[in-house]
Amino acid sequence: MPDHAISPIRSQDYPEWYQQVVRAADLAEQSPVRGCMVIKPHGYAIWERMQTILDRMFKATGHQNAYFPLFIPLSYLEQEAKHVEGFAKECAVVTHHRLELGPDGKLIPTGKLEEPLVVRPTSETIIGAMYAKWVQSWRDLPVLINQWANVVRWEMRPRLFLRTAEFLWQEGHTAHATRDEAVEETLRMLDVYATFAERDLAMPVLKGPKPSGERFPGAVDTFSIEAMMQDGKALQAGTSHFLGQNFAQAQGIKFSNSSGVEEFCWTTSWGVSTRLIGAVIMTHSDDDGLCLPPRIAPTQVMLLPIHRTDEERTAVLACCRQLEAELSNARFGDEPIRVRIDARDMRGGDKVWQHVKQGVPLRVEIGPRDLAAGAVSVSRRDRGPRERAAMPLGQFVAEAAGLLDDIQRGMFDRAKAFRDQHSVRLGSTAEVVEFFERPAEKGSPVQGGFAHVHVADDPAVTAMFDPLKVTVRCIPLEGNDDPGTCIVTGRPVTGRSVLARSY
RNA sequence: CGGGGCGUGGCGCAGUUUGGCUAGCGCGCUUGACUGGGGGUCAAGAGGUCGCAGGUUCAAGUCCUGUCGCCCCGACCA
């Protein structure tokens, strides 16, 4: 057998490695529908974990869930001028509402709609239209609503989880009485995303505003969290937009303030998507496949019974069930430990490797020898696939949560160290060119990384780095009290921006 | 949408240049035996009409036209 479960390995062909990891872990696959993927049970279970945690965080910050239509009248998208520019293309449009049987047995669309309906690429306009009706008084504010939904963006080059024509996400939409309150909300949700990414996904992120060229169409300010993938590229993992009064003015979201004077609301929107699954894959997985942070792993401990005879099977399974019960009573991250017994009748080696490739944090083998010794054999996903440590059964139960915590921390630390190792501070355009053009070192998929550089928010900067396919990802909010002069325009800037290639 | 490549059992491929009998191979799958903390061994099976549509021909996986989809590069990516 090859040295690694995944072929090619990361350093050979990173994009192909990614696809093979997705496949080996049985997360998703292409559907017969152009650009649309099928999220398979294991992939969906990961999304459900993300939903559960995020939903709890949204509720804790005062938000409620609601649901708005999939279809948006074409005229709604025309309301906000900048929004129109950004969304004019890449939308799916419904023009008919009926199918009739043609003479050749084919179905023909008929019943042309008076106004075409656009399948939502995002919901600012339809939600804003409702907010305009709901908000009348300052007493109606703030409106704090989140929607879990699917959206469609007719992307030309889809990639599983990273960019598909249809994807799942959540979109929060809020309306406030004051600018400060809306800005505060924008940053609060950015923090929620950053906390979720770092604590639950074990994925270090930089958070900060995007340059004007990368803003959401119609936004006054767009903030993002940016993570570094194992090939050194940046992935925008979440965005939070301060929309100012742009949408409120376009859609008439108005209220009477406490002095009886009519004012426009200040609105925000923020979202993360199933793209986060792609982010987790590219942050943590190795040449043996998926590696899941315990907090989002659908199964944290997989029990693997080993037996030959029926008597052994009975005894081993009984032990597994008891262990399952005891572990389920233990807690990790405020929840019962998620444990499963894999009692399928198949070859042991295949079974073990399947769980390696699926990223299960802890594998526990229990056989007659362990039974006799009152022990279990424990393997960690963050160690070599063949490593096993014997441990007294009682000790394992007591320490399981600690082991999961250790894996979770270790994954974050490793990802952070990787990002730091591939982050540099540069002081000239020549240095930037050299950094991004330097070929990858042997055995590494990394070309470039994050360059922290003084640049102004200016088209000249964009043009300068365009040939390198490098863009300004964001201007980090934290640890960035470092004024200087733009290396392209010579203008003074208050801090460094992060330059990187991105997904 | 522009340039390039590709579509043959579940997966990976050969066959297409020079059309010709029942379309092959590896892996996987099923069954049995041997095994048994091993991505095991051996044997016997099942499974495809060659992306789709049309055309040329006595004959098409193989030639022609169209179309759909996938991959890479570019543009796009809220």
Side-chain angles (χ1 to χ4, degrees), chain A residues 1-7 13-16 18-20 23-24 26 29-37 77 80 82-91 104 106 118 120-125 151-160 162-165 167 169 171 210 212-219 222 224 235-236 238-241 243 246-247 269-271 273 275 288-289 304-309 312-313 316 345-357 363-373 375-379 385-388 390 466-467 469 471 502-503:
Chain A
M1 275 323 267
D3 293 345
H4 303 290
I6 301 298
S7 171
D13 183 345
Y14 194 79
E16 181 59 25
Y18 173 80
Q19 305 213 110
Q20 292 306 324
R23 193 157 74 149
D26 208 24
E29 66 183 61
Q30 293 288 350
S31 76
V33 184
R34 181 203 184 105
C36 297
M37 66 174 167
L77 284 175
E80 212 288 331
K82 293 255 171 49
H83 200 55
V84 182
E85 268 178 54
F87 280 94
K89 297 156 269 181
E90 327 301 355
C91 284
D104 55 356
K106 299 256 163 84
V118 177
R120 62 181 165 218
T122 180
S123 303
E124 274 74 10
T125 55
V151 286
V152 168
R153 300 176 183 181
W154 215 258
E155 304 289 357
M156 300 324 300
R157 252 175 74 183
R159 266 188 99 186
L160 291 174
L162 298 176
R163 191 177 301 120
T164 48
F167 57 90
W169 78 345
E171 46 181 330
K210 309 284 277 184
S212 50
E214 305 259 330
R215 249 176 231 150
F216 174 74
T222 287
S224 72
L235 183 82
Q236 178 176 298
T239 49
S240 187
H241 312 290
L243 304 174
N246 293 352
F247 281 88
S269 66
W270 28 273
S273 71
R275 181 179 236 208
D288 290 317
L304 301 161
I306 290 157
H307 46 74
R308 253 180 306 179
T309 63
E312 283 176 353
R313 182 183 148 84
V316 165
D345 179 14
M346 62 185 280
R347 284 171 187 154
D350 286 340
K351 199 190 272 189
V352 167
W353 278 100
Q354 198 171 320
H355 295 305
V356 170
K357 289 185 282 193
R363 303 186 302 279
V364 180
E365 296 181 28
I366 303 167
R369 291 209 296 264
D370 301 295
L371 234 51
V376 290
S377 299
V378 180
S379 302
R386 294 170 209 280
E387 264 186 58
R388 258 195 326 242
D466 185 64
K469 290 190 272 182
T471 52
S502 73
Y503 278 94

**Asked** Does the pair A:Gln236 and A:Lys210 meet the rule for a side-chain contact (heavy atoms from CB on, under 4.5 Å), with working shown?
**Response** CA-CA 10 Å; A:Gln236 178 176 298; A:Lys210 309 284 277 184; 2.9 Å; yes

**Request:** Please report the C-alpha distance between A:Arg275 and A:Arg163 in whole Å, then the side-chain angles of each, then the deciding distance to 0.1 Å, and finally whether the side-chain contact (heavy atoms from CB on, under 4.5 Å) criterion is met.
**Result:** CA-CA 7 Å; A:Arg275 181 179 236 208; A:Arg163 191 177 301 120; 4.1 Å; yes

**Asked** Between A:Thr222 and A:Glu214, does a side-chain contact (heavy atoms from CB on, under 4.5 Å) hold up when you go through it step by step?
**Response** CA-CA 8 Å; A:Thr222 287; A:Glu214 305 259 330; over 6 Å; no

**Check against side-chain contact (heavy atoms from CB on, under 4.5 Å), A:Leu371 and A:Val316** = CA-CA 7 Å; A:Leu371 234 51; A:Val316 165; 4.0 Å; yes

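The residue A:Ser377 sits close to a base: some heavy atom pair falls under 4.0 Å. Among the atoms of the strands shown, base atoms are found under 4.0 Å from some heavy atom of A:Arg369. Residue A:Gln30 is classed as a sugar-phosphate contact, given heavy-atom separations below 4.0 Å to backbone atoms only. Heavy atoms of A:Lys357 sit under 4.0 angstrom from at least one base atom. Residue A:Gly213 is out of contact with every strand shown, counting any heavy-atom pair closer than 4.0 Å.
Of the listed nucleotides (B:rG12, B:rC71, B:rG37), B:rG12 has the atom at the smallest distance from the side chain of A:Arg23. With B:rG37, B:rC77, B:rG39 as the candidates, the nucleotide lying closest to the side chain of A:Arg163 is B:rC77. Listed nucleotides: B:rC71, B:rG37, B:rG39. Nearest to the side chain of A:Gln19: B:rC71. Of the candidates B:rG39, B:rG36, B:rG37, B:rG37 carries the atom nearest the A:Arg388 side chain, counting heavy atoms from C-beta on. The nucleotide whose nearest atom lies closest to any side-chain atom of A:Ala5 is, among B:rG37, B:rC70, B:rG39, B:rG39. Here B:rG39 is the nucleotide among B:rG37, B:rG39, B:rC71 with the atom lying nearest to any side-chain atom of A:Trp353. The nucleotide whose nearest atom lies closest to any side-chain atom of A:Pro368 is, among B:rU41, B:rG37, B:rC71, B:rG37. Nearest nucleotide to the side chain of A:Lys469, out of B:rG37, B:rG74, B:rU41: B:rG74.
Spacing of C1' atoms, B:rU56 relative to B:rC71, comes out at 32 Å, to the nearest Å. Annotation: B:rU16 and B:rG20 have their C1' atoms spaced 14 Å apart (nearest Å). Nucleotides B:rG15 and B:rG3 place their P atoms 27 Å apart, quoted to the nearest Å. Nucleotides B:rC76 and B:rA59 are separated by 48 Å at their C1' atoms, to the nearest Å. Separating the P atom of B:rG39 from that of B:rG2 is a span of 50 Å, rounded to the nearest Å. B:rC29 sits 9 Å from B:rG47 when the C1' atoms are compared, rounded to a whole Å. For the C1' atom pair drawn from B:rU30 and B:rA46, the interatomic distance equals 7 Å after rounding to whole Å. Nucleotides B:rA33 and B:rU62 are separated by 45 Å at their P atoms, to the nearest Å.
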**Complete:** Intra- and inter-strand pairing of RNA chain B, written as dot-bracket with Watson-Crick and G-U pairs under 3.5 Å and | for the latter, reads ((((((((.[[[[.)....(...]]]].((((((.....)))))).....[[[[[..)....]]]]])))))))....

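Separating the CZ atom of A:Arg363 from the C1' atom of B:rG39 is a distance of 12 Å, rounded to the nearest angstrom. Put simply, CG on A:Asp13 is 14 Å from C1' on B:rC73, counting in whole angstrom units. As rounded to whole Å, 18 Å separates atom P of B:rG28 from atom NZ of A:Lys351. Rounded to a whole Å, the CZ atom of A:Arg215 is 16 Å from the P atom of B:rC77. Atoms CG (A:Asp345) and C1' (B:rU35) sit 14 Å apart, rounded to a whole Å. Taking atom CG of A:Asp26 as the reference point, atom C1' of B:rC11 lies 13 Å away to the nearest angstrom. Between the CD atom of A:Glu365 and the C1' atom of B:rG39 there is a distance of 13 Å, rounded to whole Å. Atom CD of A:Glu16 and atom P of B:rC11 are 14 Å apart (whole Å).
Across A:Ser269, A:Ser273, A:Ser123, a single residue satisfies side-chain hydrogen bond (donor to acceptor under 3.5 Å, both in side chains) together with A:Glu171, and that is A:Ser123. In summary, of the residues considered (A:Asp345, A:Val356, A:Leu304), a side chain to side chain contact (heavy atoms under 4.5 Å, CB included) with A:Lys351 occurs for A:Leu304 alone.
Residue-to-nucleotide proximity on RNA chain B shows that, of A:Asp350 and A:Tyr503, the 5′-proximal contact is made by A:Asp350. Mapping A:Glu214 and A:Val376 onto RNA chain B by nearest heavy atom places A:Val376 at the nucleotide closer to the 5' end.
With sequence neighbours excluded, no residue forms a side-chain hydrogen bond (donor to acceptor under 3.5 Å, both in side chains) with A:Asp13. The ring-ring contact (aromatic ring centres under 6.0 Å, His included) test applied to A:Tyr14 returns A:Trp17, not counting sequence neighbours.
Proximity of A:Arg159 to the phosphate of B:rC77: no side-chain N or O atom is located under 4.0 Å from OP1 or OP2.
With hydrogens and angles ignored, a donor-acceptor pair closer than 3.5 Å exists between the side chain of A:Arg347 and the base of B:rG40.
Considering CZ of A:Arg363 and CD of A:Gln354, their distance stands at 12.0 Å, rounded to 0.5 Å.
In this structure, A:Arg153 is positioned above the aromatic face of A:Trp169, its NZ or CZ under 6.0 Å from the six-membered ring centre and within 45° of the axis.
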